[in-house]
Amino acid sequence: MTEPYFFDLSLGDLTALLTGWGEPAYRARQIWHGVYRSLWPDPAAFTNLPLALRDRLAEELEFSHLHPQKEQRSLDGETLKVLFHLPDGNPLETVRMRYLKRRTLCVSTQSGCAMGCAFCATGQMGFRRNLSAGEIVEQVVYFARRLAAHGERVTNIVLMGMGEPLHNYDATLEAVRRLNHPEGMNLGARRFTLSTVGLPDAIRRLAREDLQVNLAVSLHAADDELRAEMLPINRRYPIAQVMEAVRDYVAHTHRRVTFEWALIRELNDTPEQAEKLAALLRGLPAHVNLIPLNPTAGYGGQASDRARAAAFQQALERRGIPCTIRLRRGIDIQAGCGQLASHH
Ligand code: SAH
Ligand code: SF4
């Protein structure tokens, strides 16, 4: 039998486990505070607990599923990417970005991805497996410990690493709630951004959760023909269905939605695409993030140059659509989605 994995346990689970051992319930809270607030790496550090309990915890619980394999830092040092292996050998990666006062983590929700987007390194490697809630949570705790060593804290979390979060819905939501837990790291829901390829049923379900996370939708093309070429899932869920789910989300949450658009030269950076995109977003509280394509081994497209990116942005702004061109932070370390794992 494999031992229970600490990060997969809720506070209730941990309390049940410890009371089952004959320990008082307050021990669970003490351990919870130790791991999520004091960021202690393992039971040996829990010096406020009796030695026998420390030993039993170490013996009967698993405290880590993430085995660091390799890390890369961008030239300016502000972006750090770590490739981990899970106990079964499947890869995942997490990226930490420093920008002004922000310390943002880009977290994976799956090893690989089943959506097969043509331009995405994770899509090119295919699906390995879902991460458990704990394996999502541990990525944050891992970087929180490293940041704490410099007196810094995690400020924002984007679910934009490997995988499609809404294709691993339950574990993703459980992870967000655990990180949001007031007795734990207490990271406010508004600090989270969930990015999805656009799964309509799951977007509607998310709209009905009582959780104020930010939603980003990876649109990338404004007509079905082009979008299906780039994102095969569009054959199952065409743009109209995605947009209907987004309108439902907005009606329920009254929150602004971000649309992501990887700018690819002469493919989706044309005036026609800008016009169609503006038409799709008319009347929605929306923001467009333009990200020049990160080149990947398995895709021939080129990033738009500055002039084309600026022209696309202006075409949207002229039509009243707020948008920003995102800098490609960490491009020198292939900090794009899935790129480190698939080069390994
Ligand atoms: N599966 C989710 C979240 C992970 S991908 C999603 O697709 O939204 C996070 C973002 O990176 C998505 O907008 C995705 O389209 C984008 N992306 C993937 N590969 C990229 C690349 N090579 N260049 C630029 N953006 C890329
Ligand atoms: Fe999966 Fe997102 Fe990559 Fe598409 S872009 S393959 S949905 S991780």
Side-chain angles (χ1 to χ4, degrees), residues 81 91-95 97 104-131 136 139 157-169 171-172 176 192-200 202-203 206 213-221 226-237 242 245-246 257-265 267-269 287-304 309 323-331 333-343:
K81 172 156 171 159
L92 70 102
E93 57 189 32
T94 315
V95 181
M97 292 158 282
T104 303
L105 303 183
C106 179
V107 166
S108 295
T109 55
Q110 298 178 316
S111 176
C113 183
M115 300 296 135
C117 303
F119 53 89
C120 169
T122 308
Q124 291 158 19
M125 71 182 271
F127 180 68
R128 302 293 180 80
R129 74 161 168 89
N130 278 329
L131 301 188
I136 300 170
Q139 296 171 59
I157 294 176
V158 296
L159 299 161
M160 292 193 189
M162 291 172 75
E164 168 50 43
L166 296 186
H167 188 221
N168 186 17
Y169 190 97
T172 298
V176 173
F192 290 79
T193 299
L194 188 155
S195 175
T196 177
V197 72
L199 307 181
I203 292 172
L206 184 66
V213 297
N214 302 297
L215 178 66
V217 176
S218 299
L219 205 53
H220 303 307
L226 178 59
R227 192 163 186 270
E229 212 177 279
M230 300 164 66
L231 290 75
I233 193 70
N234 196 80
R235 297 197 186 97
R236 176 126 49 112
Y237 302 117
V242 176
V246 169
V257 173
T258 298
F259 291 88
E260 287 161 284
W261 195 278
L263 280 166
I264 305 171
R265 192 162 75 205
L267 188 72
N268 66 356
D269 67 354
H287 183 95
V288 177
N289 259 341
L290 302 170
I291 316 127
L293 180 79
N294 247 314
T296 56
Y299 185 68
Q302 306 283 306
S304 308
C323 71
T324 30
I325 301 181
R326 240 169 53 187
L327 294 175
R328 293 193 288 172
R329 287 181 202 293
I331 190 165
I333 58 161
Q334 297 160 328
C337 175
Q339 291 184 1
L340 186 62
S342 56
H343 275 246

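In listed order, ligands and their atoms are each counted from 1. What you see below is based on every heavy atom in this structure, not just the backbone, and it leaves out hydrogens, waters and symmetry mates.
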What do we get for [X] next to ligand 1 when only non-hydrogen atoms under 4.0 Å count, side chain, backbone, both or neither?
| X | result |
| --- | --- |
| Asn294 | both |
| His220 | side chain |
| Thr122 | neither |
| Met160 | both |

Exercise. Measure the shortest side-chain to side-chain distance between Val217 and Thr258 over non-hydrogen atoms and say whether it is less than 4.5 angstrom.
Key: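 Not touching, per the 4.5 Å side-chain cut-off.
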
At less than 4.0 angstrom from any non-hydrogen atom of [X], what atoms of ligand 2 do you find?
| X | result |
| --- | --- |
| Met115 | 1 (Fe), 7 (S) |
| Gly123 | 6 (S) |
| Val197 | 7 (S) |
| Cys113 | 1 (Fe), 6 (S), 7 (S), 8 (S) |

Among [options], whose heavy atom sits nearest [atom]?
| atom | options | result |
| --- | --- | --- |
| atom 25 (N) of ligand 1 | Cys106, Ala262, Gly123 | Ala262 |
| atom 6 (C) of ligand 1 | Gly298, Ser218, Gly301, Ala118 | Ser218 |
| atom 5 (S) of ligand 2 | Ser195, Gly198, Cys120 | Cys120 |

Self-check item: For Phe127, all residues meeting ring-ring contact (aromatic ring centres under 6.0 Å, His included), sequence neighbours excluded
Solution: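 Expected list: His167.
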
Exercise. Check whether any N, O or S atom of Cys117 sits under 2.8 Å from atom 4 (Fe) of ligand 2.
Key: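 So Cys117 counts as coordinating atom 4 (Fe) of ligand 2, yes.
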
Practice problem: Using the side chain to side chain contact (heavy atoms under 4.5 Å, CB included) rule, pick out the option among Leu231, Ile203, Leu199 that qualifies with Tyr237. | Solution: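 Only one option passes, and that is Leu199.
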
Quiz item: Non-hydrogen atoms of Ser218 versus ligand 2: any pair closer than 4.0 Å?
Solution: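 Under 4.0 Å: no for Ser218.
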
